[in-house]
Amino acid sequence: MRACDVVTGVKLNYTEELNPEQCRAVETIDGPVLIIAGAGSGKTRVITYRIANMLGHGIPQSSILALTFTNKAAHEMAGRVRELLGRKLPNLIVSTFHAFGVRILREQIHRLGYRDSFSIYDTHDQLSLLKQTAREIRFSLDSVDLYTTLAAFSRIKTGTADWDDQTLPLHTLYHQYQTHLRLYNAVDFDDLIQLPIAILSQFGEVADGYRRRFSYILVDEFQDTSRQQYRFLQLLGGRHRNVCVVGDDDQSIYSWRGADYRNLLQFERDFPDLQEITLERNYRSSNTILAAANGVISHNTNRKSKNLWSGSDGGSPVELYHPEDERAEATFICDRIKGMALKEGLKYHDVGVLIRANSLARALEEGFLAENIPYRISGGESFFQRKEIKDMISYMRLCANPDDDVSLLRIMNTPRRGIGLRTLEQLQELARARGISLFSAMHAALAAEDSPLSSRARDDLGGFVTLIDTYRPKLLSGRRMAETLSAMVTEIDYWSYLVSEHQRNEKVAKWKLRNIELFIDIVRSYERDPDTLDSGLFHFLNRITLQQRDNIDQDDEQGKVNLMTIHAAKGLEHEVVFVAGVEDGIIPHARALEEHERNIEEERRLFYVAITRARRRLFLTCCRQRKVMREVINCVPSPFLEEIPAGLIQISEVDIPVEHDEAADYFAMIKARFARSGV
DNA sequence: CTGTACTAGACCACT
DNA sequence: TCTAGTACAG
């Protein structure tokens with residue numbers, strides 16, 4: 001019997017718990033390793049045991065770097081390791097690529113001429129920067145879509161695309177955007193990968209330091225890595241070659257964000273001596289669910305051939321239901337959940353309700369509320385994206401980095417302080433002339449004898465500058481940040497601002513104030529958390545900026561139904577899974593197909609990921625009609641439904657008369673298939 | 001400079 | 001339906 005004695009003294013007997021392939025994956029520690037891990041093949045288990053095994057072989061935790069793609073996956077992995085070893089590993093780094101990028105930048109960004117107090121701009125901030133930049137250089141954005149522009153900038157920055165006829169007119173805008181980022185001492189999400197690459201490739205001794213430090217690298221969800229992330233990985237691990245990547249090409253669902261399946265081929269080319277391990281045995285789902293999933297995914301071309309099989313037998317059929325509209329859909333889902341809870345003792349937290357887009361969440365949430373089913377939702381707008389919270393964050397960011405014009409512009413007049421357009425224009429003029437930030441320009445304008453500002457404007461401005469200058473050292477001290485913030489909220493009288501903004505609706509004002517209190521609590525518990533090694537203002541801000549979608553409900557997931565997007569569900573599993581809105585235009589999403597017809601394969605993988613989240617039972621719902629924006633539209637069932645072998649599906653009949661031809665046709669079709677298959 | 005009222009456009013996924 | 005942006009009056 002093999003066992004490994006981990007530092008903690010915990011004995012790990014994994015041979016009994018793992019199959020031979022899994023064991024091999026756990027035991028192959030040195031050199032390049034490629035693990036192809038099908039859905040439900042125990043991947044997370046393998047990764048955690050592998051880390052435990054490495055520690056058991058005397059590899060220090062600080063030498064191991066485990067990278068994933070989403071926050072959720074990173075948390076999941078860190079939690080599993082902790083659970084397995086029964087203790088926290090403070091020096092083991094399990095993080096997203098972006099968070100790891102921040103870590104490097106905090107240590108090294110000065111080499112590129114930034115200060116380590118840099119701000120990180122999320123999409124919102126990028127958007128305001130873009131607008132502001134355009135205004136400044138008199139570039140009309142009327143003809144271009146802002147998001148498209150940002151996407152183009154991203155492709156340019158990451159080297160995914162070159163300037164072409166489409167993007168060339170944006171050339172000066174892009175450069176101005178970049179200049180501003182630098183002036184404001186700010187970076188965007190792409191920079192979090194791009195700048196570390198620049199540092200590692202320009203400064204050999206720095207790169208060597210990191211290579212020595214992280215001598216074992218593990219990458220989860222490798223199929224979702226971008227070319228940039230691969231390059232980053234190569235710079236870090238290309239020499240010592242102790243790089244283990246784990247992935248499944250069938251679950252690649254992030255190509256829109258730069259994920260590139262060619263990384264897999266590149267990895268094989270770069271490390272021709274790699275050990276390849278394929279995990280094909282599925283431990284998660286019933287045979288029925290697995291067969292349904294296989295039926296769907298087999299329609300994709302260009303797959304690395306893989307045959308998932310399961311030791312378990314049969315299982316309940318996949319149930320397909322056609323509700324009248326999205327409200328009936330919510331009712332059906334609630335009824336089923338309640339029924340199973342009652343009859344089978346199903347726990348609410350063992351249920352996952354998956355949706356393609358956040359917009360589908362509303363009707364379901366309303367249903368859960370009406371039926372008193374506790375739920376939690378992940379994805380969508382995070383707590384930190386809420387307006388009132390972003391205001392607080394902007395105050396903190398400006399204190400951390402006074403050159404951050406985007407944050408300054410957000411709060412300069414929030415609450416209203418009488419600093420108007422005229423004053424702002426004068427300040428911007430001054431800032432531009434001297435090549436300084438707005439906050440510096442404010443100081444300059446206040447100090448200047450011949451200031452063009454009116455005395456009223458001087459007073460208003462002076463109040464703001466004094467406010468920031470007073471709270472800045474307090475927040476920077478890193479002590480009692482929560483109290484400081486709380487005092488500031490009182491001083492700026494944010495409550496009155498909320499009340500005046502929501503005169504008609506006092507409830508909203510109260511709700512927002514409550515959110516701010518919640519935020520202050522978060523700051524407080526962050527400060528008190530003994531596990532945060534670096535409890536300063538910057539670290540806090542960086543951390544929450546990367547937490548764009550994950551909600552802060554880490555506390556109690558017990559007893560709550562999980563409502564989330566399919567993207568967010570990747571890597572998770574549930575006893576019972578509902579996939580809502582299995583309609584043409586939603587899965588596959590119309591917008592995805594508009595972009596490119598070939599995106600159908602990724603949409604299919606998305607559906608595959610949704611199906612394979614289920615252990616025992618799978619329900620698919622497909623509305624007859626649905627309200628989209630203003631109007632009610634008739635729905636057509638998703639074409640992917642036909643790819644599920646007919647014998648596996650059971651139609652849940654509805655007692656509502658069939659009104660629409662399309663729906664009727666589809667019904668007939670399903671019934672015919674049903675008859676043919678002889679069920 | 002502020003507040004209100006009106007209009008257009010948004011809903012695809014994550015860091 | 002909701003929000004962000006703009007026009008205009010005070």
Side-chain angles (χ1 to χ4, degrees), chain A residues 67-74 95-102 120-128 131 135 141-142 145-147 151 154 158 187-194 221 224-226 228-229 252-259 354-363 378-382 384-385 387 413-424 454 456-457 460 497 500-501 503-504 508 542-550 564-571 581 585-595 599 602-603 605-607 609-610 626-631:
Chain A
L67 296 172
T68 68
F69 186 67
T70 60
N71 290 310
K72 208 165 203 162
S95 91
T96 63
F97 272 95
H98 288 85
F100 184 65
V102 172
I120 303 171
Y121 284 173
D122 65 20
T123 316
H124 246 132
D125 303 320
Q126 282 181 287
L127 224 47
S128 12
K131 285 183 210 161
R135 208 173 299 135
L141 287 170
D142 295 344
D145 178 68
L146 293 172
Y147 290 95
S154 175
T158 57
V187 300
D188 60 22
F189 277 142
D190 289 325
D191 286 326
L192 296 182
I193 309 297
Q194 214 54 33
E221 307 287 10
D224 289 330
T225 51
S226 65
Q228 285 352 90
Q229 287 164 336
S252 158
I253 53 175
Y254 282 103
S255 71
W256 52 275
R257 244 222 52 200
L354 309 187
I355 48 180
R356 170 68 231 263
N358 284 306
S359 56
L360 302 183
R362 170 167 287 190
S378 52
E381 200 189 54
S382 99
F384 301 116
Q385 301 270 61
K387 229 196 233 164
N413 224 7
T414 311
R416 301 221 153 77
R417 325 193 144 76
I419 306 173
L421 211 60
R422 180 92 192 89
T423 314
L424 178 61
S454 68
R456 167 110 184 271
D460 295 337
Y497 167 72
S500 73
E501 285 287 292
Q503 290 168 11
R504 302 253 170 84
V508 175
N542 290 343
R543 196 154 94 162
I544 61 177
T545 309
L546 293 176
Q547 207 87 145
Q548 289 286 295
R549 269 163 219 276
D550 247 8
M564 64 186 105
T565 63
I566 302 174
H567 281 91
K570 197 166 70 143
I586 297 181
I587 315 176
H589 201 280
R591 293 274 290 258
L593 299 187
E594 264 167 43
E595 267 164 36
N599 284 347
E602 178 148 319
E603 295 294 307
R605 286 193 292 269
L606 207 46
F607 190 49
V609 167
R626 175 182 294 280
K627 201 151 98 187
V628 178
M629 287 189 237
R630 239 195 201 87
E631 58 206 328

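Heavy atoms only: backbone and side chains are in, while hydrogens, waters and symmetry mates are out. Proteins get letters first, then strands, A, B, ... in listed order; numbering begins at 1 in each.
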Asks: Checking A:R257 now: which residues fulfil side chain to side chain donor-acceptor pair (under 3.5 Å) with it, not counting sequence neighbours?
Replies: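 Not a single residue meets the side chain to side chain donor-acceptor pair (under 3.5 Å) criterion with A:R257.
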Asks: Distance check needed: B:dT15 P versus A:Q229 CD, whole Å only.
Replies: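 Rounding to the nearest Å, CD of A:Q229 and P of B:dT15 are 11 Å apart.
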Asks: Quickly work out the A:F189 CZ to B:dC14 P distance and round it to whole Å.
Replies: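 Nearest whole value for this atom pair: 12 Å.
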Asks: Are A:Y254 and the base of B:dA13 stacked, counting only ring centres nearer than 5.5 Å and planes tilted under 30°?
Replies: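 The base of B:dA13 is not stacked with A:Y254 (the test needs centres under 5.5 Å and planes under 30°).
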Asks: Test of understanding: with salt bridge (charged side-chain N to carboxylate O under 4.0 Å, His left out), list the residues that count as partners of A:R626, not counting sequence neighbours.
Replies: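 Checked A:R626 against salt bridge (charged side-chain N to carboxylate O under 4.0 Å, His left out); matches are A:E329, A:E583.
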Asks: Select base, sugar-phosphate, or nothing to describe what A:T123 touches, counting heavy atoms under 4.0 Å on all strands.
Replies: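 If one applies the 4.0 Å heavy-atom cut-off, A:T123 turns out to touch a base.
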Asks: Closest-nucleotide mapping onto DNA chain B: is A:R417 or A:H567 further toward the 5' terminus? I mean the 5' end.
Replies: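 With A:R417 and A:H567 compared, the 5'-side residue is A:R417.
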Asks: Can you list the residues that meet the salt bridge (charged side-chain N to carboxylate O under 4.0 Å, His left out) rule with A:D191, with sequence neighbours excluded?
Replies: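 In terms of salt bridge (charged side-chain N to carboxylate O under 4.0 Å, His left out), with neighbours along the sequence ignored, A:D191 is linked to A:K157.
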Asks: Identify, with sequence neighbours excluded, every residue that meets side chain to side chain donor-acceptor pair (under 3.5 Å) alongside A:E595.
Replies: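 Not a single residue meets the side chain to side chain donor-acceptor pair (under 3.5 Å) criterion with A:E595.
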Asks: Between N or O atoms, less than 3.5 Å apart, protein on one side and nucleotides 5-11 of chain B on the other: list the pairs.
Replies:
| from | atom 1 | to | atom 2 | distance (Å) |
| --- | --- | --- | --- | --- |
| B:dC11 | O3' | A:R591 | NH1 | 3.1 |
| B:dC11 | O2 | A:S359 | OG | 3.3 |

Asks: Could I get a table of every N or O pair under 3.5 Å where one atom is in the protein and the other is in nucleotides 5-10 of chain C?
Replies:
| from | atom 1 | to | atom 2 | distance (Å) |
| --- | --- | --- | --- | --- |
| C:dG5 | OP1 | A:K131 | NZ | 2.4 |

Asks: A:R591: what forms a salt bridge (charged side-chain N to carboxylate O under 4.0 Å, His left out) with it, not counting sequence neighbours?
Replies: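 Not a single residue meets the salt bridge (charged side-chain N to carboxylate O under 4.0 Å, His left out) criterion with A:R591.
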Asks: Just checking A:S128: base, sugar-phosphate only, or nothing, at a heavy-atom cut-off of under 4.0 Å?
Replies: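 Nothing, no nucleic acid heavy atom in range.
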Asks: Looking at A:E595 and B:dC12, is any side-chain donor or acceptor paired with a base atom of the opposite kind under 3.5 Å?
Replies: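 Check passes, donor-acceptor contact within cut-off.
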Asks: Provide, to the nearest angstrom, the distance between the CG atom belonging to A:N71 and the P atom belonging to B:dA13.
Replies: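 Interatomic distance, CG of A:N71 to P of B:dA13: 16 Å.
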Asks: Provide, to the nearest angstrom, the distance between the CD atom belonging to A:Q547 and the P atom belonging to B:dC14.
Replies: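 Computing the A:Q547:CD to B:dC14:P distance gives 13 Å.
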Asks: If only atom types and distance count, is the side chain of A:H567 paired as donor or acceptor with the main-chain N or O of A:I253 below 3.5 Å?
Replies: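 Yes, because the side chain of A:H567 sits within donor-acceptor range (under 3.5 Å) of the backbone of A:I253.
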Asks: Select one nucleotide: of B:dT15, B:dT2, B:dC14, the one nearest the side-chain heavy atoms of A:A568.
Replies: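 Side chain of A:A568 sits closest to B:dC14.
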Asks: Check the distance between C:dA4's P and A:E501's CD and give it to me in whole angstrom.
Replies: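 To the nearest whole Å, that distance equals 11 Å.
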Asks: Write down the distance between NZ (A:K387) and P (C:dT3), rounded to a whole number of angstrom.
Replies: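 It is 7 Å, rounded to the nearest whole Å.
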Asks: Considering residues at least two apart in sequence or located in another chain, which fulfil the ring pair (Phe, Tyr, Trp, His ring centres under 6.0 Å) criterion with A:F69?
Replies: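 For A:F69 the ring pair (Phe, Tyr, Trp, His ring centres under 6.0 Å) partners, ignoring immediate neighbours, are A:Y254.
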Asks: State which residues pass salt bridge (charged side-chain N to carboxylate O under 4.0 Å, His left out) with A:D125; sequence neighbours excluded, sorted by chain then number.
Replies: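 Partners of A:D125 by the salt bridge (charged side-chain N to carboxylate O under 4.0 Å, His left out) criterion, ordered by chain and then number, come out as A:K390, A:R397.
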